[in-house]
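Sequence lines set the chain letters: A, B, ... in the order given, protein chains first and strands last, and positions in each chain run from 1.
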Amino acid sequence: MELNSPLSKRLLIAAQVLALIVYAAALQFLIHTTGGTLFVFTTAAPVLIAVAMIMLGGVLVHHYRRSHSLFVFATFEPGQIVFRQGDEGDCAYFIHSGEVEVLQEEGGKQKPVAVLGKGEYFGEASLIGSAPRNATVRAASRTRAAVLGKDNFLTLLSLMPATQEDVMQRVKERAMKQAAR
Amino acid sequence: MNVFQQDPVDYYGSRFLAVLIVAGIALVLYSLIRYRGRAAGPVPWGVLLAGVAVLPILVTSAGTVLALQRAERVEFCASCHLTMKPFVDDMKNPKSGSLASLHYANRYIADNQCYVCHTSYGLFGTFEAKKEGLHDVFAYYTRSFHLPVKLKHPYPNGDCLKCHGESVKWLASHADFKDQVFSGELSCLQCHAVKTPAHSVALLK
């Protein structure tokens, strides 16, 4: 699951809606204190807050574990989206087997711009620049990839200057290719 | 409410609570509109945590203090109209002659008259009363109560004695049988309810 996946977005929105319900119950109690409003506020509000905090905590832990993951293998079925253009980037992917398509989205249309295979990597650009994903990546065939979280990826680069140069070179090439289109 | 004395808990508590609620709603709306459920980086997470966790916890804590306070008011008792209104009307009727009315009309009890007569002192007296009260409110709104309303336990002498029991005047006028009254063998109401019942209500059936 990608950072800011639809599920994590939905959970965060649901938690915020629960918080709004708590505020509404508190406001109703404050303005018009009766047995009913007091009962709803004192019994339901703590439960809603607990549920909202569990949702928030779940997403937070998920985000943390994603950006600290150390070569976790993930498998993507043909057609499955690895991440979407515009998403927040938290991981880089190193292809172990299979192939992925890189798609550029423009005005609602998806244009294939590259196919990457075994031994290649992607998703590094938004880790270095902290920019959103600049393309959508979709598995073309059943793909196994090693996933490296942002923090570990950056540590790796700082420890291995040769790798860093190589990666920077690749980021530059890809950026120029994109600009040329 | 007493016109001559502001209740500081309610006065400051309700304003504080209002500010917290408005701040909380503003934060959540801002975060919903600005980030639409995506959270990356410390600022969006900070706004989210403040609006969904920190402020709601403050709101419920401050709100609970205020709730405990407001639940003691006569208006609060009266909000369960079907069951409590006859008792409130009786108490506020100076011609009624009931004990509740006498204590109210002369302000022998200054504030929260129902609550004062119907809770026992002691560490858990007020807590116990509120716990049972919460249960009663539930019964009221689910219409699972039975008329006429009765007390769960016989009215304890202690609830009258907490005010009268150490009064020189009372001790003098009740000298002959005060021991039986203290031990609970004799209820205040056995004598007093004859002339002055606790409440003069035509009990609803």
Between [options], which residue shows the highest count of heavy-atom pairs closer than 4.5 Å to chain A?
{"options": "B:L48, B:D136, B:V22, B:L49", "answer": "B:L48"}
{"options": "B:G13, B:C80, B:C77, B:S14", "answer": "B:S14"}
{"options": "B:L20, B:L55, B:T64, B:L32", "answer": "B:L32"}

Nearest heavy atoms of [X] and [Y], plus distance in Å:
{"X": "A:L38", "Y": "B:A71", "answer": "CD1-CB, 4.2 Å"}
{"X": "A:A19", "Y": "B:G51", "answer": "CB-O, 3.8 Å"}
{"X": "A:F41", "Y": "B:V59", "answer": "CZ-O, 3.8 Å"}

What part of B:L27 gets closer than 4.5 Å to chain A, counting heavy atoms only: side chain, backbone, both or neither? neither

Using non-hydrogen atoms and a 4.5 Å limit, figure out which bit of B:A62 sits close to chain A: side chain, backbone, both or neither. neither

If you count heavy atoms of other groups shown closer than 6.0 angstrom to [atom1] of [X], is the number above 12?
{"X": "B:E166", "atom1": "CD", "result": "no"}
{"X": "B:F182", "atom1": "CZ", "result": "yes"}
{"X": "B:Q180", "atom1": "CD", "result": "yes"}
{"X": "A:F73", "atom1": "CZ", "result": "yes"}
{"X": "B:Y155", "atom1": "OH", "result": "yes"}
{"X": "B:F177", "atom1": "CZ", "result": "yes"}

Measure [X] against the heavy atoms of chain B and call it side chain, backbone, both or neither at under 4.5 Å.
{"X": "A:L60", "result": "both"}
{"X": "A:L56", "result": "both"}
{"X": "A:L30", "result": "both"}

Spacing of [X] atom [atom1] and [Y] atom [atom2] [to the nearest 0.5 Å]:
{"X": "B:H81", "Y": "A:T34", "atom1": "NE2", "atom2": "OG1", "result": "8.0 Å"}
{"X": "A:M53", "Y": "B:I57", "atom1": "CE", "atom2": "CD1", "result": "4.0 Å"}
{"X": "B:Y35", "Y": "A:L12", "atom1": "OH", "atom2": "CG", "result": "12.5 Å"}
{"X": "B:I25", "Y": "A:L27", "atom1": "CD1", "atom2": "CG", "result": "5.5 Å"}
{"X": "B:I21", "Y": "A:Y23", "atom1": "CD1", "atom2": "OH", "result": "9.0 Å"}

Taking the six-membered ring for Trp, are A:H63 and B:W45 parallel (under 30°), tilted (30 to 60°) or perpendicular (over 60°)? perpendicular

Is there a side-chain contact between A:F29 and B:L66 (heavy atoms, below 4.5 Å)? yes

Does the side chain of B:V52 reach to within under 4.5 Å of the side chain of A:M55, using non-hydrogen atoms? no

Which one wins on heavy-atom pair count under 4.5 Å against chain B: A:V22, A:I49, A:V17, A:T42? A:I49

Looking at chain B, which one of A:I13, A:L48, A:L11, A:L18 has the largest number of heavy-atom pairs inside 4.5 Å, strictly under? A:I13

Okay, side chain of B:T60, backbone of A:P46: is any donor-acceptor separation there less than 3.5 Å? no

